[in-house]
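The shown structure was predicted, so the numbers you read here are calculated from the model rather than taken from an experiment.
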Amino acid sequence: MSLRIYTRTGDSGQTGLFGGTRVDKDDLRVEAYGAVDELNAAIGLACAQWNDSEIVPLLQELQGLLLLLGGDLATPGTEATTRGRVQIERIKPQEVEYLERLIDRFEEQLPPLNTFILPGGSLAAAALHWARVVCRRAERRCVSLWHAVGEDKENGMNPTVLPFLNRLSDLLFVLARVANQREGHADIPWIRRER
């Protein structure tokens with residue numbers, strides 16, 4: 001039996017959080033997990049631009065972590081939560097450390113930066129730069145949510161979300177540079193032109 005994609009429960013401009021609480025669709029929490037969903041789609045676009053056998057599976061793994069993050073953000077509070085057979089996982093500090101190890105590993109393969117670079121180069125690199133800026137937007141939305149709810153056990157936000165998104169944007173920047181390197185494109189240095 002297949003479920004319908006539409007439920008009509010959001011027609012009044014509200015949506016349900018995990019646990020059943022109804023909130024407006026422009027609620028800070030919905031803005032936060034909506035921005036994470038946009039980021040996931042942007043990473044999917046980057047995957048579609050590149051067939052690198054090492055990086056595409058890694059990006060898909062990151063997409064899976066973003067699904068967990070979205071569930072985390074859609075669940076008020078900071079404690080583990082179960083509803084029926086569904087267990088909400090919270091993003092943990094180990095995921096932040098994992099992103100740091102990836103950044104270090106891929107940075108070792110790149111020449112050092114000594115100037116600002118422009119987003120672009122190969123299609124894959126441009127898509128990863130786009131994902132990076134969407135990640136920064138998601139981070140800003142989560143900062144707004146953090147300011148509103150803090151780390152309250154009942155209604156708060158997991159404090160690991162912010163460092164996770166901060167590291168993820170750094171990783172996406174590094175992977176954009178890796179994409180250019182592997183596809184034979186140089187990073188595009190920013191050169192201030194005299195007018």
Under 3.5 Å side-chain donor-acceptor pair for W146 and E151
no
Given side chains that start at C-beta, do those of R90 and T75 come closer than 4.5 Å, heavy atoms only?
yes
Are L67 and L65 connected in the hydrophobic side-chain network, where two residues link if heavy atoms are under 4.5 Å apart?
no
Side chains of Y98 and E61, donor plus acceptor under 3.5 Å
yes
Tightest non-hydrogen contact, residues H185 and G121, listed as ND1-C, 3.9 Å
Nearest heavy-atom contact between S122 and A125 is OG-N, 3.0 Å
Validation row: R29, V149 side chains within 4.5 angstrom (heavy atoms)
yes
Got a sec: does the CH2 of W50 have more than 12 other heavy atoms crowding it under 6.0 Å?
yes
Quick check: do M157 and L73 have side-chain heavy atoms less than 4.5 Å from each other?
yes
Is the number of heavy atoms from other residues, nucleotides or ligands under 6.0 Å of N51 CG greater than 12?
no
Do R141 and L28 touch side chain to side chain, with heavy atoms closer than 4.5 Å?
no
N40 and L62: side chain to side chain contact (heavy atoms under 4.5 Å, CB included), yes or no, with the steps?
CA-CA 8 Å; N40 207 332; L62 295 175; over 6 Å; no
Atom CG in L165, atom SG in C135: separation rounded to 0.5 Å?
5.0 Å
Stepwise side chain to side chain contact (heavy atoms under 4.5 Å, CB included) check, L66 with D37
CA-CA 7 Å; L66 288 172; D37 191 30; over 6 Å; no
Are L172 and L39 close enough, and set up right, to give a side chain to side chain contact (heavy atoms under 4.5 Å, CB included), and what steps lead you there?
CA-CA 11 Å; L172 292 168; L39 170 57; 4.1 Å; yes
Ion pair R177/E107, N-O distance below 4.0 Å
no
Looking at OG of S53 and CG of L58, how far apart are the two atoms once the value is rounded to the nearest 0.5 Å?
11.5 Å
Smallest heavy-atom separation, P93 atom then T160 atom, equals N-CG2, 3.6 Å
Measure from the side-chain N and O atoms of D187 to the backbone N and O of I117, and report whether any donor-acceptor pair falls under 3.5 Å.
no
About how many Å separate CD of Q63 and CD1 of I43, when rounded to the nearest 0.5 Å?
6.0 Å
Could you grab the distance from atom CD of E95 to atom CG of L69, nearest 0.5 Å is fine?
10.0 Å
Using distance alone, with no hydrogens and no angle criterion, decide if R136 and S169 have a side-chain donor and acceptor under 3.5 Å apart.
yes
Contact between L99 and V96 at the side-chain level, heavy atoms closer than 4.5 Å - yes or no?
no
Does a side-chain heavy-atom distance below 4.5 Å link F106 with L175?
yes
In this structure, CZ of R167 is separated from CD of E139 (nearest 0.5 Å) by 9.5 Å
If Ile, Leu, Val, Met, Phe, Trp and Tyr residues are connected whenever their side-chain heavy atoms lie under 4.5 Å apart, and connections chain through other members, are L110 and L102 in the same group?
yes
Shortest non-hydrogen contact between V161 and D72, atoms and distance:
CG2-OD2, 4.4 Å
Return the minimal non-hydrogen interatomic distance between A46 and L59, and the atom names on each side.
CB-CD1, 4.5 Å
When you compare the side chain of V178 with that of F173, does any pair of heavy atoms fall below 4.5 Å?
no
For residues G70 and Y33, report the shortest heavy-atom separation together with the two atoms involved.
O-CB, 3.8 Å
Quick one: does N180's side chain have a donor or acceptor within less than 3.5 Å of a partner on G120's backbone?
yes
Check R182 with E54, please: is the shortest side-chain N to carboxylate O separation under 4.0 Å?
yes
Has E31 got a side-chain atom pairing as donor or acceptor with A138's backbone, closer than 3.5 angstrom?
no
Report the distance from atom CD of Q60 to atom CD1 of I55, rounding to the nearest 0.5 Å.
12.0 Å
